[in-house]
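Reminder, nothing fancy here: chain letters follow the sequence lines and each chain counts from 1.
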Amino acid sequence: MLTSVLLPFIAALFIPLISKWKEKVHTGIFVTLIPLAVFIYFIQFIGAGFEPVTREYSWIPSMNMNILFHLDGLSLLFLLLISGIGTLVAFYSIYYLHTSEQLGQFYVFFLLFMGSMLGVVLSDNVYVLYTFWEFTSLSSFLLIGFWNHRERSRYGALKSMLITVFGGLSLLGGLIFMQVITGTASIQGMIEQQELILNHEYFPMILTFLLLGAFTKSAQFPFHIWLPDAMEAPTPVSAYLHSATMVKAGLFLIARFSPMLTGSEWFFLFVSGFGIITLCWGSYMAVRQTDLKAILAFSTISQLGMIMAMLGFGTDMAIFAAVFHILNHATFKGSLFMVAGIVDHETGTRDIRNLGGLMTFLPITATLAVIASFSMAGVPLPFLNGFYSKELFFDASIHFNEGAQGAVAIMQSILPYLAVIGSIFTFVYSMYFFFGTFRGESNMDKLPKKPHEAPIGMLVAPAVLVLGVIVIGLFPELINQPFISHAADSIKAGDIDKSISFWHGIKLPLIMSLAVLAFGTILALSRPKWQGVYRILPGKLSLNSFYDGTVKRTETYSTAITNGYMNGSLARYVRLIIGAIIIVTFSIMAITGSFTISNEDLSALTAPEIFIALTMVIAAVGTIITNNRIAAILILGVVGYGLAILFVLYRAPDLALTQLIIETVTVALFLLAFYHMPQLEKKTETKRKKSLNLTIAIGFGALMSMIGISAHSSKAFDSISDYFLKTSHSLGGGDNVVNVILVDMRGLDTVLEITVLGIAAFAIYGLVRLRRHKDEEG
Amino acid sequence: MSNLAILPILIPFIAGILLAFLNKHIPLVRSLAKIITVAQLLFVSWLCYLVYQSGSIILETGAWKAPYGIIIVADSLAMTLVLTTNIVAVACVFFAPVSLTEKQERFYFYPFFFLLITGVSGAFLTGDLFNLFVFFEVLLMASYGLIVLGNGKVQLRESLKYVLINVFSSMLFVTTIAFLYAIVGTVNMAQIAQRVQEVDQAGILTVIGILFFFVFATKAAIFPLYYWLPNPYIVPNPVVSALFGALLTKVGIYAILRTFTLIFVHDPNLTHTLFIYLAALTMIFGVIGALSTHNIKLIVAYNIIPAVGFMLMGIGLFTETSISGTLYYLVHDMIIKGSLFLIVGAIAYVAGTSDLRKMGGLIHHYPVLGWMLFIASLVLAGIPPFSGFIGKLLLLQGGVAQEELLIVITGLITSLLILFSMIRIFVKGFWGEKSDVLPTKPVKTAPFTWPIAFLLTFSVLLGLGAEWVYPSVQSMAEYLMNPDLYIESILKE
């Protein structure tokens, strides 16, 4: 099982090699074999006696991250969709993509996606699932940006990435919460402890996190906006990722966690609510589009909404219908995308306003299109699978668990109406798609190319899918028992009524279907007359401009904020830094109440000390005030010499000596350097700034003094210096303790400090020499 | 006690001095530098293995016994960081000849480089607070030497700010050591920890702890002290930027990690809670900075800051899981920051500009560079299965377990924005028309590529192969959360 997931990744490594011969053999031919192999491997699990299989492979066991695969009915359904449609799409792409394209890259991304998607639906470990989940987003990003010389393509890729990765991170948040609460990283393990999560105080947040992940991935309103822009990807990609598989990962996630979450009212309200809104909004917006792929994109959004809503209903019938529709949608929508690709390929345009009457030129394509689009519309014919799931959807929307109250009851009562409204528009855009492209008058002169039927190879894949539509339509029981019912079981254990039949008798769902048919036909025929409604809704309300605005604002506000404080002024940086230190440290001091003064072991002050200290203070202030550079240095020298005298007074002659030498050398050096320096400018700072500087300076001085005093007053231990005094002679061989400390006891410090001086010397030498080199050159 | 502990400091120290006198013979210096760093890496790996196997190696310098003399403590944390430092050093030394001019090489790039490594390794290894200050001086002085290398006007302006802020923080550092010494009467870190413990970290010690935090936070670039960082980091040569980005702020974070898991651990409700808030602010403001600019080098430089926020978050949460997260993130970040600075340096070199608005379509000319940037961006943003994810996951788990929701959500949002800030470089710089005219002639990128690929390999391995590393990280976190282990290993009797 692990091999089947790794196979695409391993194959991806070899694609760059194989694609070197792309002029001779189309790389797609090799690639087709891989999903086919995976498909053949997984198809063997199908059967009435299927039991879930669990496999564990070691990855990072110490972090609870093992590759734990759980193959149940739900994953099997998805696995077969991913590998089955993957085979068809790869085959289709052989004819769609010319060998002059960068086939190597395309197929690497394609395989990366496929492997990750297989991983998503198999993983039981939440972190492994998340890993694959992000990789589907990334490979989708790369595939949308495949034709990255187009501006729209780059835009669409970035948009899809930002929205889906946003959802991904949110999902990660939710998963971490659940893992920390339950102590297990296995989804099945979490489901077993569902009470713990449902009753946890953070449950609403966990649910929000999970739903954000699912809704962004499955393009639910209002996050659907990335999907239409993702249509910039090559059509095989749209058919595969953005209709049949990746966008269903969100549905998969909800289905996966359903056993845990269906008990919650919030789950019902949010999932059904957002689902049904997405259904209505997507189908409504689809009718407005003029690009064939855009119609299909909004149609996908709306269909995903419908499945999402059913998962939210949570009743037996709804779950069954949802699973059934996941399969049906993949068949008819996959084929419709390929049809759109053929039309684009053969006529050079996808603009429905320029198309029309293509039935005569592309009869086979048109036949495929009519079946697929009528199935999508849910036309009641016994050989269209779309009708069955639509009928089940209606049925589910009027059969809820009894006894609901409050918001849940209100929601239950409006759902059937919204279901019908959404389906009416679904009917309208399905007709619009087919009739607008294949019927009506042809405008040959508007087409970039002279249309003719597609090559056989290109027709094979959609034909297989349409065949699926018909077979499922005619013999729904064929896939029911061995396949679909297992998937439904794994979402909701129990006795699900699993019969599918065309004729239920004249009941409410049938009446709903007929209503859709009637109103749909009227609206489809009168479409041009009510197109004006789009000027009112959405009118200027656009989620896209909201997204664009947010991205733009993120950048402009960031720039504004950052430039607001990062103005390059050192003085300001220092003010901010010292200001922060003052505020925080004073607060800590106040909280801990740690300011203490004790004069226990202090000697009495003497007059010379006071005199020297005062002189130093005055000199220090003087340095700041003066505008003359020489004066400033000389006054600073006073501070230094004052310190030296203090050292003398405190009986530290060696320190005093050092201080004197340093002070003298420094002043001398400064005076030497003055010759080369510009005049000191008079500082022109505002009064406000000056007083701010003063406050900060005094504040910092006060802070350091207070800490110094407190530190001295809270002496708690004897210093280790006694040891140095004792051992200086016996171990260090010297009577001058300071010397012994410098060269022996802490000799390492001294060596390193000498090194510091050495480095400084080399740095300055380098600086001077490089400058001279430059001058010579210049 | 064993002299082995000081060799990771001594080898680059001697190398630095030696090469300073050979500066006229550039080919010789180059090959010597390469040989020494590689040999050093091998030696340090072995030493690291030894420490993992049989515990800390401690050296009492000059045979002055602890707590009186300076001691070098090669414990698992220090050795792990020294090892990572040497990995980055190898990449940089191989990148240097392609990126530097001969003059820059001649005017002591290599001596400064080795002394920087000396300072950084010493800071990780020392068990003495004053000695830590001295190693900080060594690494800072070497960094001053590196930052002015090349002697451009902008460079001198920015390096002046860098030097002044660091001089200020050094002054504060040494003053704070004096305060602490006044109370506990020692500079040996183990003994300080022991004594602070004995008086249960009386209030003034907490205040002093916070001062230490500010000293290190200035170096680590934590909110609100990071203003000095971004610009000085992008003016020098890319290889210098890589060294700075990979090593310097991390020394600051290491010092916070060490002091606030060993010494100032008795009032976490005050100190460590403060860190959590600062971590959140650091992440947000850092990533906002990264989004504010079109200069690719600046984007990477700003991205240092949110990473520091993540590491501080783990220290603030102060649990075994979160500390493991910080450790993992620390190692990961040293490597990825090194490679990112090299990558953007290479991009700026081949594109002839670091302004993103003037780039486009580079992928058609430099596919390898583009894909390395793409992967590095994913690593940085913490996308699995790369190294950034493991650290981030541990930190977030720690945050959730401590119910610190604010920081968890901030961390998640920051990850998205980091990815956005980096992927912009890929989308705007690398995607686009093939025909986009390049300002410079096509350049052979292989010499650039190998050092970067070398570093990225570690990023991938630290993610996919986390099982090889994580148990050690976990036991390191356990060790850090029990300061007595450190104290006892040094003050045995």
Is any side-chain heavy atom of Val134(B) closer than 4.5 Å to one of Thr750(A)? no
Atom group of Ile70(B) that falls short of 4.5 Å from chain A, counting heavy atoms: both
Please round to the nearest 0.5 Å and tell me the distance separating atom CG of Leu748(A) and atom CG of Asp128(B). 9.0 Å
In terms of heavy-atom proximity below 4.5 Å to chain A, should Leu405(B) be classed as side chain, backbone, both, or neither? side chain
Close side-chain approach of Val199(B) to Phe717(A), heavy-atom, < 4.5 Å: yes
Check whether Phe595(A) gets within reach of chain B through its side chain, its backbone, both or neither, counting any heavy atom under 4.5 Å. neither
Hey, could you give me the CZ/OG1 distance between Phe386(B) and Thr131(A), rounded to the nearest 0.5 Å? 10.0 Å
Side chains of Trp64(B) and Ile741(A), heavy atoms from C-beta outward: is any pair under 4.5 Å? no
Phe13(B), part contacting chain A, at a heavy-atom distance under 4.5 Å: side chain
Name the member of Arg572(A), Lys715(A), Met566(A), Gln105(A) that forms the most heavy-atom pairs with chain B at distances under 4.5 Å. Met566(A)
For Leu274(B), which atoms come within 4.5 Å of any heavy atom of chain A: side chain, backbone, both, or neither? side chain
The interface call for Tyr202(A) against chain B, heavy-atom contacts under 4.5 Å, is side chain
Please classify the contact between Leu419(B) and chain A as side chain, backbone, both or neither, with a heavy-atom cut-off of under 4.5 Å. side chain
Given a strict heavy-atom distance threshold of 4.5 Å, which part of Trp59(A) is in contact with chain B: side chain, backbone, both, or neither? both
When Gly173(A), Pro61(A), Gly593(A) are compared by non-hydrogen pairs under 4.5 Å with chain B, the top option: Pro61(A)
I'd like to know if the side chain of Trp431(B) and the backbone of Phe146(A) have a donor-acceptor N/O pair within less than 3.5 Å. no
Rounded at 0.5 Å granularity, tell me how far CG in Leu172(A) sits from CG in Leu412(B). 6.0 Å
Against chain A, label Glu158(B) side chain, backbone, both or neither, depending on which of its atoms sit under 4.5 Å from a heavy atom there. neither
Using non-hydrogen atoms only, which part of Tyr144(B) is less than 4.5 Å away from chain A: side chain, backbone, both, or neither? neither
Just wondering, do Tyr565(A) and Pro224(B) contact through their side chains at under 4.5 Å, heavy atoms? no
Would you say the side chain of Met63(A) lies within less than 4.5 Å of the side chain of Leu393(B), judging by non-hydrogen atoms? yes
Residue Asp718(A) versus chain B: region with a heavy atom under 4.5 Å: backbone
So which residue, Leu158(A), Ile764(A), Leu752(A), Ile181(A), ends up with the most heavy-atom pairs under 4.5 Å with chain B? Leu752(A)
With only heavy atoms counted, which part of Phe700(A) is less than 4.5 Å from chain B, the side chain, the backbone, both or neither? side chain
What part of Leu162(A) gets closer than 4.5 Å to chain B, counting heavy atoms only: side chain, backbone, both or neither? both
Contact class of Glu134(A) relative to chain B, heavy atoms under 4.5 angstrom: side chain
If one checks every heavy atom of Leu731(A) against chain B at 4.5 Å, the contacting part turns out to be both
At a heavy-atom separation under 4.5 Å, does Leu396(B) approach chain A through its side chain, its backbone, both, or neither? both
When you compare the side chain of Tyr573(A) with that of Leu164(B), does any pair of heavy atoms fall below 4.5 Å? no
Taking every heavy-atom pair that is under 4.5 Å apart, which of His712(A), Arg150(A), Met704(A) has the most such pairs with chain B? Met704(A)
Residue part contacting chain A, namely of Tyr68(B), when any heavy atom lies under 4.5 Å: both
Please look at Leu146(B) and chain A and tell me whether the side chain, the backbone, both or neither of the residue comes under 4.5 angstrom of a heavy atom of that chain. neither
If one checks every heavy atom of Thr727(A) against chain B at 4.5 Å, the contacting part turns out to be both
Under a 4.5 Å heavy-atom cut-off, does chain A meet the side chain of Leu115(B), its backbone, both or neither? side chain
Examine whether an atom of Phe586(A) lies under 4.5 Å from a heavy atom of chain B, and if so say whether it belongs to the side chain, the backbone or both; otherwise answer neither. neither
How many angstroms lie between OG1 in Thr206(B) and CD1 in Ile591(A), if you round to the nearest 0.5 Å? 10.0 Å
Heavy-atom cut-off 4.5 Å, strictly under: side chain, backbone, both or neither for Leu139(B) against chain A? neither
Ser62(A) backbone acceptor or donor facing Glu467(B) side chain under 3.5 Å: yes
Rounded distance (nearest 0.5 Å) linking atom CG of Leu416(B) with atom CE of Met161(A): 9.0 Å
Leu140(B), part contacting chain A, at a heavy-atom distance under 4.5 Å: neither
Does any non-hydrogen side-chain atom of Val551(A) lie less than 4.5 Å from one of Phe420(B)? yes
Chain B heavy atoms under 4.5 Å from Ile577(A): which part of the residue, side chain, backbone, both or neither? both
Side chain / backbone / both / neither for Arg424(B) at chain A, heavy atoms under 4.5 Å: side chain
Thr755(A) versus chain B, heavy atoms under 4.5 Å apart: side chain, backbone, both or neither? side chain
Can you say whether Thr556(A) sits under 4.5 Å from chain B via the side chain, the backbone, both, or neither, judging by heavy atoms? neither
Does Thr559(A) use its side chain to pair, donor to acceptor, with the backbone of Ser292(B) at less than 3.5 Å? yes
Nearest 0.5 angstrom please: Ile288(B) CD1 to Thr554(A) OG1, how far? 9.5 Å
Side chains of Phe168(B) and Val574(A): closer than 4.5 Å at any heavy-atom pair? no
Please classify the contact of Val756(A) with chain B as side chain, backbone, both or neither, using a heavy-atom distance under 4.5 Å. both
Chi angles and distances behind the side-chain contact (heavy atoms from CB on, under 4.5 Å) call for Phe107(B), Leu767(A): CA-CA 8 Å; Phe107(B) 285 103; Leu767(A) 209 58; over 6 Å; no
Return the option, out of Ser558(A), Ser594(A), Ser58(A), Ala763(A), with the maximum number of heavy-atom pairs under 4.5 Å with chain B. Ser558(A)
